[in-house]
Amino acid sequence: MCGIVGYVGGTNKAVEVLMGGLRRLEYRGYDSAGIAVIDEEGVLNSVKRAGKLAMLSDELKRHPVNAGRTGIGHTRWATHGGPTDENAHPHLADNGKLALIHNGIIENFGPLKAELLAEGYTFESETDTEVAAVLLGREYQRVGDLGEAFRSVVARLDGAFTLLALHQDQPGVVVGARRNSPLVIGLGDGENFLGSDVAAFIEYTRRAVAIGQDQIVTITPDSVTVTDFFGAPVEVEEFDVAWDASASDKGGWSSFMAKEVSEQPDAVANTLRGRIVDGVVVIPELAEFGDEALARIRRIVIIACGTAAYAGQVAKYAIEKWAKVPVDVELSHEFRYRDPVIENDTLVVSISQSGETMDTLMAVKYAREAGAVAISICNTQGATIPRESNAVIYTHAGPEVAVASTKAFVAQIAALYLFALHLARVRGTLGSAELLEHTAELQAIPEKIATTLLQGDAVRQLATWMTDSRAVLFLGRHVGFPIALEGALKLKELAYIHAEGFAAGELKHGPIALIEPGQPVFVVVPSPRGSAHLHPKVVSNIQEIRARGARVIVIAEQGDAAVLPFADTVIHIPLAAPLFEPLLAVVPLQLFAMELATAKGLDVDQPRNLAKSVTVE
Ligand code: F6R
């Protein structure tokens, strides 16, 4: 969702920095964009346009903004008011001398707007953001300092916000504030940056500082000051960004998605790196809990949304089998608002690629307020959810730019499996031989994913044949069930085809009514060796749908002969123990959705209506 970038420096490159930063934040999803720059003559210029960045670039060619050293830029994902030029940010106030951008939702903007209207202020947009801009303009006129004006404005706002503003009477200063929405500082040499995430400034610096909840930051070319909402100074901690700028480039691939799907072997290998020593899982991030505290856990609640929640569903099978702890997997937004039972021996594990998903953030905060210990699995350094958790296990998938999650999913499962094996060891539920066996399986996964990716051509051909499909079903059992759900989600979001995932055993309880001649059905088939009891049941399910005319595409282990007579198409995956099959079976389903969307001429990196980082509830 909304992307934010701010810049102050000694050279006249504000427009270049802002446009470059917005380009790198494009992946978050947006429908309009704009910048505001204080130019060389000290005049504030603002240009904004509905549509993609190319529209803003064209507008900047028609109406160039003079070079400047101070600026803010924004990509907007519409919430209050449609994606129009007027509603795009920045919003101006104080007679066009102040510009403000915003990510989040100001919940009490209605009464604030009424108050300002009554005082004679006027508005040009339908947004909640313009209310904050006008309020800030009014306060600036009163106190004459942006930082002080910010402090009185944030005290009046309810909801979630990152706000960034500049004023032409204070050139060389950008002020930002954050509550529940992301904001990170980039530390340069004679220049400083602000961004929704590090991608905004990674081209210029890898030194960063995450801003905490309810904090205000003021940057000038030579200084960074962080305070709380009342003006008290706050200690901050610098970190080095592990990603480099090229990691967030397409690198010759046709799309970020194609690149990221291909990076999955590395995403898993990097997540495992250094965390398995002589067959023993080592997670220093959990050291502060001590083994005894982990051994005392009686229940785990996994909270996440979308694809991350499916990673959680896969992990439930592994944690319960290996560590013998009951696991509930909950969608964050459902968990948060239903008075869930949380006891002091409940461990909450959140999963989030971005670390900014508002639903998950609110669920983590709620759980901690209720007394739970919260661990997060996250892919983004400096993000909010890890900061709100007691500990974080980072996945090292590298930046995921395509909106649809792929490499983060397999990395999440790998991290959760490490956690499950660690838990099993401290709880004594697995012996060392079993631990060795499972860690060896995990370490073999990157190579097996690489082998699975070799199915790319076969999957592309299948996708090309199926571009006219109106609905596609996905079936799986056991760990294959969340993979069926994930396959369906990928197809929906990328190819805009109605897709549903079902537990194969549930079919006869209703969904089988959907089967008619020619209906395509993907079936994730468990290994006949590892799941001897389940395999024949899935083969029976396949026969049931075949008998009703379904066109069956199976994802099956190499050498699974029993399934061949009943399949129209077979996609093979390498041999793996049952709990590890999801890490392989998901790959052809990702490829299928990507290839089908590509064959339909759709944008696989930025599907319609979606945002990468969902920072509103
Ligand atoms: C689907 C997808 C989304 C995300 C979900 C959670 O491809 O990407 O379903 O998985 O929005 O996002 P994070 O992991 O950032 O919390």
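Note that ligands are numbered from 1 as they come in the structure, with each ligand's atoms numbered from 1 the same way. Throughout, residue positions are numbered sequentially from 1 according to the sequence presented.
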Considering all heavy atoms, the nearest Gly501-Leu485 contact = O-CD2, 3.5 Å
Ligand 1 atoms nearer than 4.0 angstrom to some heavy atom of Ala308 are 10 (O), 14 (O)
Under 3.5 Å side-chain donor-acceptor pair for Ser405 and Glu400 | yes
Quick one: which ligand 1 atoms are inside 4.0 Å of a heavy atom on Ala404?
-> 7 (O)
Restricting to heavy atoms, the pick from Ala311, Ala304, Cys305, Ala408 nearest atom 5 (C) of ligand 1 would be Cys305
Salt bridge or not for Glu237 and Arg387, using N-O below 4.0 Å?
-> no
Contact with ligand 1 for Val403, non-hydrogen, under 4.0 angstrom = yes
Residue, atom and distance of the protein heavy atom nearest atom 15 (O) of ligand 1 read Ser354 OG, 2.7 Å
Could you list the atoms of ligand 1 found under 4.0 angstrom from a heavy atom of Lys490?
-> 1 (C), 7 (O)
Which atoms of ligand 1 sit under 4.0 Å from any heavy atom of Gly306?
-> 9 (O)
May I ask you to say whether Glu369 pairs ionically with Lys365, meaning some side-chain N is under 4.0 Å from a carboxylate O?
-> no
Specify the protein heavy atom at minimum distance from atom 11 (O) of ligand 1: its residue, its atom name, and the distance to 0.1 Å.
-> Val614 CG2, 4.2 Å
Under 4.0 Å from any heavy atom of Glu493, which atoms of ligand 1 are there?
-> 1 (C), 7 (O)
With side chain to side chain donor-acceptor pair (under 3.5 Å) as the test, would you mind laying out the steps for Arg76 and Thr127 before giving the verdict?
-> CA-CA 11 Å; Arg76 172 174 187 254; Thr127 62; over 6 Å; no
Within-cut-off N or O pair, Thr307 and ligand 1, under 3.5 Å | yes
Is the distance between the ring centroids of Tyr204 and Phe193 under 6.0 Å?
-> yes
Do me a favour and list the nearest non-hydrogen protein atom to atom 12 (O) of ligand 1 with residue, atom name and distance?
-> Thr357 OG1, 3.4 Å
Note: Val403 and Pro607 closest approach over all heavy atoms is CB-CD, 3.7 Å
Closest to atom 8 (O) of ligand 1 by heavy-atom distance, out of Ser405, Cys378, Ala402, Ser376, is Ser405
Under 4.0 Å to a heavy atom of Gln353 - the qualifying atoms of ligand 1, by number = 13 (P), 14 (O), 15 (O), 16 (O)
Which of the atoms of ligand 1 are close to Ser352, meaning less than 4.0 Å from one of its heavy atoms?
-> 13 (P), 14 (O), 15 (O), 16 (O)
Ionic contact status for Glu263 with Lys259, cut-off 4.0 Å | yes
Less than 4.0 Å between a side-chain N and a carboxylate O, is that true for Glu595 and Arg460?
-> yes
